[in-house]
Amino acid sequence: MADRVDRIDRFIPLPPSGEPGMAQISWPIRLLCFLSLFSCLAQPVIAGELMRPGVTVETCGAAYLQSKDPAESQYGELRVRPRLELTPRDEVLFLIEGDFRADTRGYARDSLDSVVERTGRRWIANLREAYADGQHGWLRMRVGKQIFDWSVTDTVSPSDNISPRDWTDVLESERVGVPAVHLHLGYSTFADLVFVPWFTPSKLPVLGGRWERDLPPVLVSAEQEILGRDHSQFAARAGTTWEGFDLGIVYYRGYANSPSFKLEPVSLVKARLVPVYRLEQVYAFSVSRAVGSYTLRSEVGHFNQRGDDDFVQVVAGIDREWSGVLRPVDSFYALLQYADEAVTRHESPVPFETIDFRRVLNKSVMLKSHYTFDSERQWTLQLEAALNLDDGGSFLEPALVWRKRNIEWEAGIDVLSGNRTTFFGGYGRNDRVYTRVTCKF
Amino acid sequence: MTRLFMLLTASAVLALSGAGPCPAEELSPEAIISRSWELFRQVPDEKETVKIVVAYKDGRREEKKLVRWTRFDPGHEDAVTIKFTDPPLDRGLGLLTLRHASRQDDQWLKLPSFKKVRKIAAGEQEKYFAGTDFSHEDIRQLIGERTQDFNYGLSRSEGGSRVIEAAPGDGVETGYGRRLIWVNEQFAITKVEYYDPKGELIKTQTNSGITLSEKGLWRTDRVEVENRLLQRKTTLDVEQREMGKGLSPAIFSKDHLESERL
């Protein structure tokens, strides 16, 4: 309890004792509170074409099946994302989305104090996205904090490098917004230019938390080394559709969303393993095409990393949806995907294998499937799985989802298996039962 | 004589001037369907705000709202963008279809929980769209039918309407064995019955609130589909419609589907 009060104090400092009056609250928090209140109250009243407020409330809980300490066996989180879209004219859009989250393990702490997220930890109060977007004919420009997803394949994508990731929960990773200037040119044949002036680190598993990897006794974990703000990134993409083929090429110059490592001696027999960000250039190509009722997707990318391995990563997948499988209105969707790589230049900064989240699904077959009982998609059975063909590590997530109008409820199980030296097996103690409720207004 | 000649000439000119569309009874069934869609597709583009209500026999109702943009191409290389605005869980769900005359349509899907747009196969014609009684094939047919894909025959006349039977041609992928299409004297489609390949009636579509322009352009403000198989009814009401406003090509792009813009 004292820890939680201390964490709250960090972003709402209490006035000195004996002095009455309101706590001093930083301007971003005030803005977010106003936004939340406005979105919740205004939505049923003034929502229309000009202004569209909304809010998403999500609560989740998990029970870990292999914890000796009862205090560590349970996890709960509450998340509120208020959102406001303003379109004063058809060509102009302003969007702001806040992100409040609090959890029972203290993974989220502090609050935003600038547009750029300069820490590797989640904030209790944050801006998820906030940008101005203007379109004029074939040119569109978006300026502000925004999330990018250039992936064509699923989960693993050499083309998708701009947004850092939140890996606080390794199985529920998500993209983090970055302040950027984004130019989009064209229509079905298009080009994108993105300039990110300031560096934003990814959020790694919290030290001492469930998702921190065990290290050999000679190594100790360290907080990631965060680059100075003025380390810009640049990305360009061009794409077109030709004879049913969606073709894309991507160039990225910046920092990997999964850091590399370096060793810092602590003593004669111990060293600190420090996550560090290294400059890289990525050239990637993507293609997707519908063939009958199937869709084929593939990406290939060459990663040229300064101070770390260079490699070529290939991802290929096929997916399809069937309808009327067991009932006239049901449907079944399945995606099968394989990823692999070839190292073209060895320059590993440490003499042992480390985790690069972009590459953990190499040599793995991934399955995503869902069966929906009815056309309203009210009940859905989901199954996600991954199997590393090399080391036998595996991940399995069956889940049941119920949806109705503005509420979605999901309950499932995560099972991670394999030798403890494998990626999935190393998280084998994190098997869990979870439930999540999402309400959208 | 001269006056008579002038009178006869004027009559002939009036008769040949096409003061109105050719009467339906003078055209073949295929020509009637072609004429119907020709009149429907006189505008280059269209934007509609639509409310869909699905009513079940147990009293349940599901309401959805969407915006649909359509670009009509003379060569039938049409483009359609659909974005859902309600219910909240479906807000952000979008579909972009680029129709092609000589090959499979290109389709992209945007799911609410994802930032990106995914290419999908347009092959599952009979799959119901977004929990309604409209299949993906129906959604495409709502803006025009490829008459070269079907064989048409006159079934009967009913009141002032022609009831035309449409059966798929060889090799044509469709979820229906045949359809019966009611076309009125103004060439507006007022009713469609859909039959499965075994000849069982699946559903009946009724178009009402039909408006006609001077040039014969017809639109329906309400489409009702009674699904006999699933025991439910879908009602599509057009709440707002704008035609021929010169929609930007940007609306029919993946970038627009991905954005929050309506």
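Each chain gets a letter, A, B and so on, in the order its sequence line appears, and its residues count up from 1.
- Within the 4.5 Å cutoff, the side chain of A:Arg83 has heavy atoms near those of the B:Glu260 side chain.
- Using a distance-only test at 3.5 Å, with no hydrogens or angles considered, a donor-acceptor pair links the side chain of A:Thr295 to the main chain of B:Ala121.
- Within the structure, the salt bridge (Lys or Arg N to Asp or Glu O under 4.0 Å) test picks out the following pairs touching residues 74-83 of chain B (sequence neighbours left out): B:Arg41-B:Asp78.
- The greatest number of non-hydrogen atom pairs below 4.5 Å with chain A, out of B:Lys64, B:Glu62, B:Arg103, B:Lys254, is found for B:Arg103.
- With respect to A:Asp319 and B:Arg118, a salt bridge is recorded, a charged nitrogen being found less than 4.0 Å from a carboxylate O.
- With B:Gln104 contributing its side chain and A:Gly292 its backbone, the two residues share a donor-acceptor pair below 3.5 Å.
- When side chains are defined from C-beta on, B:Tyr128 counts as touching A:Val329, because their heavy atoms get closer than 4.5 Å.
- A salt bridge links A:Glu129 with B:Lys115: at least one charged nitrogen is closer than 4.0 Å to a carboxylate oxygen.
- If you tally non-hydrogen atom pairs under 4.5 Å between each of B:Ala250, B:Ser248, B:Ser253 and chain A, the highest count goes to B:Ala250.
- Between chain B and the residues A:Arg175, A:Gln378, A:Lys404, the most heavy-atom pairs under 4.5 angstrom are made by A:Lys404.
- For the ring-ring contact (aromatic ring centres under 6.0 Å, His included) test, no residue two or more places apart in sequence or in another chain qualifies with B:Tyr56.
- Taking 4.5 Å as the limit, every side-chain heavy atom of A:Thr87 sits out of range of all side-chain heavy atoms of B:Leu262.
- Residues of residues 242-250 of chain A that come closer than 4.5 Å to chain B, counting heavy atoms only, are A:Glu243, A:Gly244, A:Asp246, ordered by residue number.
- You'll find the side chain of B:Pro88 stays beyond 4.5 Å of the side chain of A:Phe441, heavy atoms only.
- For the pair B:His256 and A:Gln135, the minimum side-chain heavy-atom distance is 4.5 Å or more.
- We find that A:Arg289 and B:Asp106 are not joined by a salt bridge, their nearest charged nitrogen and carboxylate oxygen being 4.0 Å or further apart.
- Against chain A, no residue from residues 198-206 of chain B qualifies, as none has a non-hydrogen atom under 4.5 angstrom away.
- Between A:Arg140 and B:Arg261 there is a side-chain heavy-atom pair separated by less than 4.5 Å.
- Taking 4.5 Å as the limit, every side-chain heavy atom of A:Leu93 sits out of range of all side-chain heavy atoms of B:Ser259.
- Panel note: side chain A:Arg297, backbone B:Lys119; a donor-acceptor pair is recorded below 3.5 Å.
- Between A:Arg405 and B:Glu63, the closest side-chain pair of non-hydrogen atoms falls below 4.5 Å.
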